[in-house]
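First up is the structure itself, then whatever we jot down about it.
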Amino acid sequence: MRGRAVIAAIGYDERVGPGLIALAATVVPLVTHGSNDAADPAVVAIVDATGAVGCSGTLIAPHFVLTAAHCIVPQLAHGASVVLGSSVAAPDASIPVAASRVHPAFDPATFAHDAALVVLATAAPTDPVSLGAGAPAVGSAVRIVGWGKTAADAGDVGTKRAGTASATASDGATFSVAPAPAQPCGGDSGGPAFAALGGMDSFVGITSHGDPACSVAATFTRVDSVTADFVAPTMASLGDGTVPIGARCMFSEQCIGAGVSCIAAADDDSVSYCSQECLVSSGCSGGMVCVPAGAAVGQCRHPLPTPGALGSPCASDADCADTQCTSTGVCSVRCTPGGAACPGASQCASAGGIDFFCQLPPPSAPTGCALAVAPRRLAFVPALLGLFLALTGLRRRRPASL
């Protein structure tokens, strides 16, 4: 989803940035005893809306970053992005995160299958790295890269660093390293490990977890253990040319057809769908209508509320792009009065009792003058009335637990 949750750093008592939470008793690593890394342009930082670093990751395709699953669970915050370059303070580029996908077998208690994909809203302006097909031999050198801190008690997250460790053990799903002298530390989670395989420097591991002092050992998810069952099929399902006009998308290259692009919904910027230009006198496919955008040219858009957007009707959670389907059949998200702000124009309001949801205000009724000068907009009135009735029902009836 285009998330509204947080970047999680599992196992750290200290928090890397606003809204970060600790989910386990084991700590996640960063690069200690390393050096600033002006190379490795495909190694990126994953940051929240404030620019705080949560994790590291590796660009493996123009729109895809491979990182650790625990960096994504519960989910990336709305406004998250990836930073390219050598320093978060002076980035070469910053790209919004469109969505994320976590390995379906990820276990936050054991860190099993600790892998996830971050989907970028636009293509990264650098070459991706290839996935490795093996693990480092025990005793061999492993090069680790990340944007984390240099020691467990340091506050220097946000600079890309690299260092060398030594492989100590390996199984079919993970491998471990000991300092030689470098070790991953907080903020390096999700970053890559490179090792010599067949004479090539190969991307072989995803930084998963390690000791709290960042000084004894660290464990990496083997890249080759998650390629066939997770990375390859996920990228294939979300790749270029996979989304028809009218359906939800993450980036324009997903959209099928010439001149089709991925646009943000007018009523919820976390929802995007494939659209194309239209003549104001012609119709649009996919249940959309031609909304004037110029003298003769318009944009095909869904009548409001946009399907999947906050406040839109739903039958199940799958119908909601970035929210949940309440028992009243409306896409919404739970909230806490005085807590984190609700997205867009929505406000945290009581739905009865102790249940609070982000709710859109009732739409303003169009004036007679507006109807007279813009008759083509009449198509939206029934949809807006439906939104008003749906939201009114949400306020009057207490929904079941989501």
Side-chain angles (χ1 to χ4, degrees), residues 1-8 19 44-49 54-84 93-106 113-124 128 190 206 226 230-256 260-265 267-275 302 306-310 312 314 316-325 331 333 343-344:
M1 292 183 188
R2 294 180 84 140
R4 290 191 179 110
V6 299
I7 301 173
V44 303
I46 303 173
V47 305
D48 66 15
C55 281
S56 303
T58 308
L59 186 74
I60 60 171
H63 284 279
F64 294 94
V65 169
L66 184 58
T67 187
H70 73 256
C71 292
I72 309 303
V73 176
Q75 276 161 13
L76 287 175
H78 185 59
S81 60
V82 301
V83 168
L84 291 82
S94 179
I95 303 175
V97 169
S100 59
R101 296 290 185 270
V102 172
H103 195 296
F106 170 59
H113 308 286
D114 195 4
L117 283 169
V118 170
V119 186
L120 306 182
T122 59
I206 306 163
V226 296
F230 170 62
V231 176
T234 301
M235 289 176 59
S237 68
L238 302 177
D240 295 359
T242 57
V243 179
I245 293 177
R248 293 202 294 265
C249 55
M250 300 175 191
F251 50 89
S252 290
E253 290 86 345
Q254 282 187 309
C255 300
I256 300 172
V260 183
S261 60
C262 186
I263 65 170
D267 52 344
D268 189 339
D269 64 3
S270 72
V271 179
S272 297
Y273 53 89
C274 291
S275 177
H302 285 290
T306 302
L310 186 73
S312 63
C314 57
S316 69
D317 289 348
D319 296 330
C320 302
D322 197 30
T323 57
Q324 292 176 298
C325 189
C331 291
V333 60

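Atom CG of L117 and atom CZ of R101 lie 9.5 Å apart (nearest 0.5 Å). Here the OG-CD1 distance, from S56 to I206, works out to 12.5 Å after rounding to the nearest 0.5 Å. Atom OG of residue S100 and atom CD1 of residue I72 lie 5.0 Å apart, to the nearest 0.5 angstrom. Note that CD of Q254 and OG of S261 are 12.5 Å apart. Values are rounded to the nearest 0.5 Å. With rounding to the nearest 0.5 angstrom, the CD1 atom of I245 is 9.0 Å from the CD1 atom of I256. A distance of 8.5 Å separates NE2 of H302 from CD1 of I263, quoted to the nearest 0.5 Å.
Not a single donor-acceptor pair under 3.5 Å links the side chain of D48 to the backbone N or O of A80. Within the 3.5 Å criterion, the main-chain N or O of A69 finds a donor-acceptor partner in the side chain of D114. In this structure, D317 contributes its side chain and T323 its backbone to no donor-acceptor pair below 3.5 Å. Judged by distance alone, the side chain of S312 and the main-chain N or O of A309 form a donor-acceptor pair under 3.5 Å. Side-chain atoms of D319 come within 3.5 Å of backbone N or O of S316 as a donor-acceptor pair.
C320-C331 SG separation is under 2.5 Å; the pair is scored as a disulfide.
With sequence neighbours left out, H113 forms a side chain to side chain donor-acceptor pair (under 3.5 Å) with no residue at all. Listed by chain and residue number, D267 satisfy the side chain to side chain donor-acceptor pair (under 3.5 Å) test with T306 (two or more places apart in sequence, or in another chain). Partners of A61 according to the side chain to side chain contact (heavy atoms under 4.5 Å, CB included) rule, which considers only residues two or more places apart in sequence or in another chain, are F64, M235.
V231 has its side chain within reach of I60: a pair of non-hydrogen atoms, C-beta onward, lies under 4.5 Å apart. Contact of the R248 side chain with the V243 side chain is not registered, since no non-hydrogen atoms from C-beta on lie closer than 4.5 Å. Between V73 and F106, some side-chain heavy-atom pair lies under the 4.5 Å cut-off.
The heavy-atom pair separating T67 from C55 by the smallest distance is OG1-CB, 4.5 Å. Considering every non-hydrogen atom in both L238 and F251, the closest pair reads O-CZ, 3.4 Å. Closest approach of M250 and A99 over heavy atoms only: SD-CB, 3.5 Å. Of all heavy-atom pairs spanning L120 and P62, the tightest one is CD1-O, 3.9 Å. The two residues S94 and S81 come nearest to each other via the heavy atoms OG-OG, 3.4 Å. Shown here for V271 and A321, the closest heavy-atom pair between the two residues is CG2-CB, 3.6 Å.
Between V260 and the options S275, C249, S252, C274, a side-chain contact (heavy atoms from CB on, under 4.5 Å) holds for only C274. Checked options I95, I46, L59; the residue passing with V118 is I46 (criterion: side-chain contact (heavy atoms from CB on, under 4.5 Å)). V44 pairs with exactly one of V83, T58, V65 by the side-chain contact (heavy atoms from CB on, under 4.5 Å) rule, that one being V65.
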Would you please test Q324 and V333 for side-chain contact (heavy atoms from CB on, under 4.5 Å) and show each step?
CA-CA 6 Å; Q324 292 176 298; V333 60; 5.8 Å; no

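Using the six-membered ring where Trp is involved, F230 and H103 have ring planes that are tilted, between 30° and 60° apart.
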